[in-house]
**Student:** 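My questions all concern the structure below.
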4 protein chains.
Amino acid sequence: MTDPARHASVGIEANRGPSAAGGDTGVTEAVQKTVRKRDSAGTRARILNVATREFANRGYEGARTDDIADRARINKRMIYHYFSSKELLYLAVLEAAYERARSAEQKLDLDTLEPIEALTRFTEFTFDSFVRDRTFINLLATENRQRAKVLKKSARVNMMNSPVIDAIARIITRGHAEGTIRDGLDARQLWVTIIGICYFFFSNVYTLSVIFDADMESPEHIAERRAHVVEFVVRGVKA
Amino acid sequence: MTDPARHASVGIEANRGPSAAGGDTGVTEAVQKTVRKRDSAGTRARILNVATREFANRGYEGARTDDIADRARINKRMIYHYFSSKELLYLAVLEAAYERARSAEQKLDLDTLEPIEALTRFTEFTFDSFVRDRTFINLLATENRQRAKVLKKSARVNMMNSPVIDAIARIITRGHAEGTIRDGLDARQLWVTIIGICYFFFSNVYTLSVIFDADMESPEHIAERRAHVVEFVVRGVKA
Amino acid sequence: MTDPARHASVGIEANRGPSAAGGDTGVTEAVQKTVRKRDSAGTRARILNVATREFANRGYEGARTDDIADRARINKRMIYHYFSSKELLYLAVLEAAYERARSAEQKLDLDTLEPIEALTRFTEFTFDSFVRDRTFINLLATENRQRAKVLKKSARVNMMNSPVIDAIARIITRGHAEGTIRDGLDARQLWVTIIGICYFFFSNVYTLSVIFDADMESPEHIAERRAHVVEFVVRGVKA
Amino acid sequence: MTDPARHASVGIEANRGPSAAGGDTGVTEAVQKTVRKRDSAGTRARILNVATREFANRGYEGARTDDIADRARINKRMIYHYFSSKELLYLAVLEAAYERARSAEQKLDLDTLEPIEALTRFTEFTFDSFVRDRTFINLLATENRQRAKVLKKSARVNMMNSPVIDAIARIITRGHAEGTIRDGLDARQLWVTIIGICYFFFSNVYTLSVIFDADMESPEHIAERRAHVVEFVVRGVKA
DNA sequence: AATGAATGAGTATTCATTCAT
DNA sequence: GATGAATGAATACTCATTCAT
């Protein structure tokens with residue numbers, strides 16, 4: 001609560017969040033080592049980062065509060081101090097993940113692009129975001145398994161996704177006006193479709209690798225998939 | 001081991017497997033009540049049915065062997081008698097699910113339809129199968145969370161999906177020859193795309209319901225989604 | 001109950017009992033394979049052989065009735081048919097082991113040897129019997145851990161050891177008469193001492209190997225130990 | 001972690017360890033009652049004491065973690081908190097037992113006695129230590145039944161026994177020089193022999209009692225045995 | 001703010017034994 | 001005589017959470 005420089009770094013850390021498919025999030029935990037003791041925001045952020053990784057990799061039930069405490073190098077009691085319970089920690093993780101996804105989407109600036117190009121860009125962006133980091137996919141898989149039991153309790157996530165859907169709606173309207181985008185397209189449906197085409201390959205990459213007896217995570221398979229997806233979406237929306 | 005009538009009923013039960021999105025499978029457990037005692041195949045099938053439901057609804061870690069035993073109305077020890085361990089029981093469940101999916105696909109008779117019609121039919125079939133039963137989706141979510149750790153051990157699942165992919169390849173060839181299907185389509189990619197477009201909506205129906213603040217499982221939403229998906233796929237493949 | 005040839009082989013099998021320090025007893029189980037079915041004595045003997053091995057290698061608590069049944073290639077129910085319970089099976093194993101030990105000792109013919117030579121012979125015999133087979137040592141370790149709870153119930157083992165002690169008493173008397181054996185030796189004490197000097201090395205060969213960081217079961221270590229033991233006993237009894 | 005008085009008492013408790021042949025160790029568990037709660041070293045020591053008793057009396061497989069927890073009046077979870085697993089707890093018990101045995105031997109001061117007297121003293125000490133407490137014998141029996149599987153993992157026990165063997169070596173040298181001890185004695189062999197002569201009577205006291213139909217633990221039998229053993233060892237080593 | 005000891009309900013798995021054929 | 005299915009009590013170990021400092 002005293003050193004502003006430290007606060008700054010914490011802020012960045014909190015923003016970045018976990019990345020990398022399933023490995024280490026590469027977050028700045030180690031950097032904190034020297035300072036510590038009575039670093040409220042830092043401790044909270046460190047817990048949240050580690051918890052994100054653990055919940056994503058092991059699911060809600062599989063994640064262990066003990067492990068989270070150990071890996072965040074904090075006392076287990078602190079989890080309860082900052083988040084009250086495992087479930088509320090998990091909810092904070094979910095909300096942060098949605099928040100990260102939304103803020104990333106908003107940097108896309110789709111309105112400045114031609115309609116087809118804008119949708120291409122959005123598709124590629126979605127696909128590439130899953131290449132970089134499957135944390136969000138994993139969290140959603142866990143949350144849907146428990147029928148959004150926890151997410152339902154969130155007051156913050158509701159409607160968070162609308163900005164990008166609004167953007168897609170504007171693209172459709174523009175494209176329709178200029179005759180490049182076909183009739184009968186609903187923004188929400190299109191959003192679900194684009195996300196879904198990208199999503200399934202990554203959410204199921206391990207079982208697909210088994211049934212196709214190949215490493216679907218290899219750069220070649222990913223590149224092939226990416227090209228197919230983009231082409232398919234463009235065909236699907238063209239007038 | 002002597003009464004063929006009993007065997008027949010068991011066979012049917014074993015074939016049917018669990019259905020219904022997330023609730024009770026309504027399988028013939030109750031019917032067995034009268035027979036029971038020393039009904040080896042029946043006991044095994046009952047365990048497998050209940051286990052399918054439990055693993056699908058609660059995930060691998062969340063499923064309890066105690067609950068499975070109770071709900072199958074067998075002694076817990078029997079699980080180990082027939083399946084050796086929770087993991088091998090789960091593997092048996094996975095294999096049976098793949099087997100059911102494959103044998104359902106094979107009844108489609110896609111080769112007798114016009115190419116576009118055949119792909120429409122396959123898309124509708126895939127979509128509708130998820131409407132009826134999300135067991136398989138849930139099992140796949142669980143299995144991908146653990147990086148197909150268990151499925152990898154299966155000697156049976158490998159390449160099980162090829163028949164339908166071969167059928168899609170034949171459709172593409174036919175459509176290409178007659179000029180109704182576009183160039184550059186790979187059967188496997190198309191299979192992943194069609195499954196994926198259908199899949200995502202159902203695998204994430206609970207979180208989508210929260211963020212859209214609507215019951216996406218309602219008949220209206222499902223019908224709307226179905227129409228969009230079919231139209232999108234047709235557009236995506238047309239010449 | 002019909003083929004006398006088969007019976008003969010069974011008798012031999014029952015006599016031989018298990019051998020080899022900790023490995024397979026090398027008994028004739030495989031030979032039985034062809035005949036079988038309704039071979040009462042053979043089944044009983046096979047159970048007893050396998051049980052001896054299992055109890056010796058794993059202790060009373062560690063031995064599994066399932067394993068015994070599997071390895072004897074009989075139905076588990078047969079154990080109860082022939083022996084009533086795990087405990088009574090174990091008692092039968094113990095009694096058979098004592099019986100084997102006793103009948104082996106009786107072949108020594110110590111009365112025909114010079115006193116010192118006779119005790120040397122008995123010491124070597126005892127030592128060598130442990131080299132060949134530690135089954136008896138292991139059974140005794142298990143039984144003493146449970147304070148002879150089971151052996152106490154035996155009506156047969158009581159005083160079984162006296163023949164050899166009588167023999168030792170006669171040796172002492174003879175040696176005393178001719179002046180080769182010292183005064184003050186009690187046959188029973190001497191018996192315990194000779195057995196004990198041989199026994200400890202073998203009963204504790206694994207922990208001794210750890211604390212001496214050497215394989216005490218190697219031929220060299222055994223030979224060195226044997227020489228020391230024999231020399232020590234001779235010195236200990238000489239006039 | 002602040003009160004040195006508590007620490008001191010814990011230290012003493014940890015030193016004493018369990019005693020008494022097979023009954024209760026009578027350790028200071030009751031004394032702790034008043035202090036308790038958040039007494040880390042005390043809890044650990046109490047677990048170790050009770051575990052020593054249980055493993056000695058029931059063997060590794062026979063000992064129950066539940067019982068150990070109950071009798072140490074701690075929560076079962078604490079066993080895992082302090083020792084990680086039943087096996088590592090058992091290893092800690094073994095190491096502590098070896099440590100106690102070694103430190104007891106070192107108080108013998110054999111170098112100040114005449115050679116024969118020193119060996120007499122060592123023999124009596126060994127014999128008497130078994131009269132007082134058969135814990136170590138029981139632990140060794142258990143550990144040898146599992147072929148020192150656990151002890152092998154110890155980094156501490158290796159060569160722990162050398163001090164006393166060195167002392168015996170010095171005795172032999174001295175006795176040889178002054179002509180009281182015979183030729184050809186190896187210190188390690190002699191150590192095994194002396195321990196062994198004492199050990200067998202106690203390790204097998206229950207089965208010996210059955211076959212001799214007498215209570216070999218009675219003072220008379222023990223005294224008779226002690227005299228025989230000492231005499232035998234002296235005869236065995238004399239020049 | 002931070003720590004580490006302590007807890008009770010639970011979790012997969014095992015085991016000797018009995019039942020029905 | 002022989003079989004394999006079925007059982008209930010238990011066994012080592014785990015987990016989210018709270019207490020005392």
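Remember, predicted model here, so these are calculated numbers, not experimental data. So you know, we letter chains A, B, ... as the sequences are listed, proteins then strands, and number each from 1.
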**Student:** Please list, chain by chain and in numerical order, all residues satisfying side chain to side chain contact (heavy atoms under 4.5 Å, CB included) with A:Asp70, sequence neighbours excluded.
**Tutor:** none

**Student:** I'd like to compare against my own output: the B/S/- annotation of nucleotides 8-15 of chain E with a strict under-4.0 Å heavy-atom distance to protein.
**Tutor:** B-BSBBBB

**Student:** Salt bridge (charged side-chain N to carboxylate O under 4.0 Å, His left out) with D:Asp67: which residues, sequence neighbours excluded?
**Tutor:** none

**Student:** Using the criterion of both pairing distances under 3.5 Å for Watson-Crick and G-U wobble pairs, give all stems of 3 or more consecutive pairs involving DNA chain F.
**Tutor:** E:2-21 with F:2-21

**Student:** Going by the rule ring-ring contact (aromatic ring centres under 6.0 Å, His included), which residues pair with C:Tyr80 if we only count those two or more places apart in sequence or in a different chain?
**Tutor:** none

**Student:** Starting at CZ of D:Arg44 and ending at P of E:dA6, how long is that distance when rounded to a whole Å?
**Tutor:** 13 Å

**Student:** So, does A:Arg71 use its side chain to make a donor-acceptor pair with the main chain of A:Val50 at under 3.5 Å?
**Tutor:** no

**Student:** Distance check needed: F:dA2 C1' versus C:Phe83 CZ, whole Å only.
**Tutor:** 16 Å

**Student:** Among side-chain atoms of C:Glu143 and C:Tyr90, is any donor-acceptor pair under 3.5 angstrom?
**Tutor:** yes

**Student:** Can you list everything that forms a side chain to side chain contact (heavy atoms under 4.5 Å, CB included) with C:Ser85? Sequence neighbours excluded, please.
**Tutor:** C:Glu87, C:Leu88

**Student:** Across the strands shown, which category fits D:Tyr82 at heavy-atom distances under 4.0 angstrom: base, sugar-phosphate, nothing?
**Tutor:** sugar-phosphate

**Student:** Round to a whole Å and report the spacing from CG of A:Leu89 to C1' of F:dT17.
**Tutor:** 14 Å

**Student:** Which whole-number value in Å describes the distance from B:His81 NE2 to F:dT3 P?
**Tutor:** 15 Å

**Student:** Round to the nearest Å and state the distance from B:Ile74 atom CD1 to F:dG8 atom C1'.
**Tutor:** 13 Å

**Student:** Would you please name every residue forming a side chain to side chain contact (heavy atoms under 4.5 Å, CB included) with C:Ala51, sequence neighbours left out?
**Tutor:** C:Phe55, C:Ile68, C:Leu89, C:Val93

**Student:** Specify the separation, in whole Å, of atom OH of A:Tyr90 and atom P of F:dA16.
**Tutor:** 14 Å

**Student:** How would you list, by chain and number, every residue that makes a salt bridge (charged side-chain N to carboxylate O under 4.0 Å, His left out) with D:Lys86, sequence neighbours excluded?
**Tutor:** none

**Student:** Atom CZ of D:Arg73 and atom P of E:dA5: how far apart are they, to the nearest Å?
**Tutor:** 19 Å

**Student:** Going by the rule salt bridge (charged side-chain N to carboxylate O under 4.0 Å, His left out), which residues pair with C:Arg64 if we only count those two or more places apart in sequence or in a different chain?
**Tutor:** D:Glu61

**Student:** Whole angstroms only, please: what is the CE-P distance between D:Met78 and F:dC19?
**Tutor:** 15 Å

